[in-house]
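What follows is a short report on a single structure.
Note on naming: letters A, B, ... go to the chains in the order of the sequence lines (proteins, then strands), and numbering restarts at 1 for each one.
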There are 2 protein chains.
Amino acid sequence: MKLSSRTEYAVRAMAELAEMHGGDPVPLRGIAERQDIPEKYLEQLFRQLRKAGLIRGVRGAQGGYSLTREPRDVTVGDIMRAVDGPIAVCSCAAEGEGDDECERKSHCAAHPVWARLQSGIVSILDSTTLYDMLAETPAHDIQGNRGGGS
Amino acid sequence: MKLSSRTEYAVRAMAELAEMHGGDPVPLRGIAERQDIPEKYLEQLFRQLRKAGLIRGVRGAQGGYSLTREPRDVTVGDIMRAVDGPIAVCSCAAEGEGDDECERKSHCAAHPVWARLQSGIVSILDSTTLYDMLAETPAHDIQGNRGGGS
DNA sequence: GGATATCATACTGATTCAGTCGGAATTACC
DNA sequence: GGTAATTCCGACTGAATCAGTATGATATCC
């Protein structure tokens, strides 16, 4: 029941990209330094985020990374799935399909609990966007993204 | 974000003890066989459950394990904490105390999400009891619970 | 006393995880 | 065109955690 460091790092880094959204691409090195994440490791994560279509990389000098979508359209669940694969509290209650392994044991008393846990987790992760994250972080009143929440 | 096998095993085994609650102590071996759990491994888990005060062991022939409390007074969270320690999605959002490590980084955009996730998980785990588990398992209209048996 | 159990500790093998290395390809700027 | 900046890529490694085993001691019923 613990988050991987991949997820922790990726979410923090994505939050920073969201902050800078709309401006120039942000070089990975700076993100790694500010967030205190090993640079090469973050590079690996960014590759996965890119393959998942969440970010775009611009090569060469003055290059860097930027979001492909609006911060309000990227959820924490999206990020987690990109770097850690499908969310699954156990093989019995994976998202996607094919829980054939446990289906036959339909008399398993634990199954309903895990299913409830799984859907609770997924619903929290999928209902929080990068925009939400920035909005609830006090230290950030970002230029550009104001507008009236409430 | 995955359950340990300790938790999966322990919860299944405890559900079986709950089923037999009120009768004779149940030997570990039978539980292990019926639930398809390595016996010696389960023994290890039962020791932790015992130290946590959730079950009682009766030694010797005709011995076995039984619940110390009513099934309605034992939650899945209790079981999980007994075998896996405190529930914590990350060091920033552990239950108990001392999150000094991340407290200084109070500008961390991810923190509120993890806190929400943590409390969502805990609330599901702590609101489901063994009694609930049996009640929602269709295949069980248990015969064992009316005393006589043998 | 012997069979049946729980109780206790220590060990091991495998898998996963976090992080690293070395280098190739691309682009801005001079 | 050269150089520095920067993304892109695959493979590798060391460490930690996890799942499961081995061995034996202690208690209790018959």
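Picking from dC8(D), dG20(D), dT20(C) the nucleotide with the shortest atom distance to the side chain of Tyr41(A) gives dT20(C). Residue Pro27(A) places its side chain closer to dT6(D) than to any other of dA19(D), dC7(C), dT6(D). Residue Glu43(B) places its side chain closer to dT6(C) than to any other of dA3(C), dT6(C), dC9(D). When distances are taken from the side chain of Ala61(A) to each of dT6(C), dT7(D), dA4(D), the shortest belongs to dA4(D). Relative to the side chain of Arg47(A), the nucleotides dG10(D), dA8(C), dT7(D) differ in distance, and dG10(D) lies closest.
Salt bridge Asp36(B)/Arg12(B): absent, no basic N to carboxylate O contact under 4.0 Å. Salt bridge Asp84(A)/Lys2(B): absent, no basic N to carboxylate O contact under 4.0 Å. Salt-bridge check for Glu136(B) with Arg116(A): passed, with a basic side-chain N closer than 4.0 Å to an acidic carboxylate O.
Residue Arg50(A) is in sugar-phosphate contact alone, with no base atom involved, counting any heavy-atom pair closer than 4.0 Å across all strands shown. Residue contacts shown for Arg6(B) are limited to sugar-phosphate atoms, with no base heavy atom under 4.0 Å away.
The interatomic distance linking Ile31(B) (CD1) with dT6(C) (P) rounds to 8 Å, in whole Å. The distance from atom CD1 of Ile55(A) to atom C1' of dT7(D) is 10 Å, rounded to the nearest whole Å. Between Leu42(A) atom CG and dC17(C) atom C1' there is a gap of 16 Å when expressed in whole angstrom units. In this structure, the CD atom of Glu39(A) is 14 Å from the C1' atom of dG22(C), given to the nearest Å. Note: CG (Asp36(A)) to P (dA18(C)) measures 16 Å, nearest angstrom. The interatomic distance linking Tyr65(B) (OH) with dC7(C) (C1') rounds to 7 Å, in whole Å. As a whole-Å value, the separation of Arg59(A) CZ from dG23(C) P is 18 Å. For the pair Gln44(A) CD and dC9(D) P, the interatomic distance rounds to 13 Å; values are reported in whole Å.
With DNA chain C read from its 5' end, the first of the two nearest nucleotides for Ser5(A) and Lys40(A) is the one closest to Ser5(A). For the pair Phe46(B) and Gln62(A), both in contact range of DNA chain C, the more 5′-proximal nearest nucleotide belongs to Phe46(B).
Partner Glu70(B) forms a side chain to side chain contact (heavy atoms under 4.5 Å, CB included) with one of Thr68(B), Leu67(B), Asp73(B) and no other, that one being Asp73(B).
Judged purely by distance below 3.5 Å, without hydrogens or angles, the side chains of Tyr41(A) and Ser5(A) pair a donor atom with an acceptor atom.
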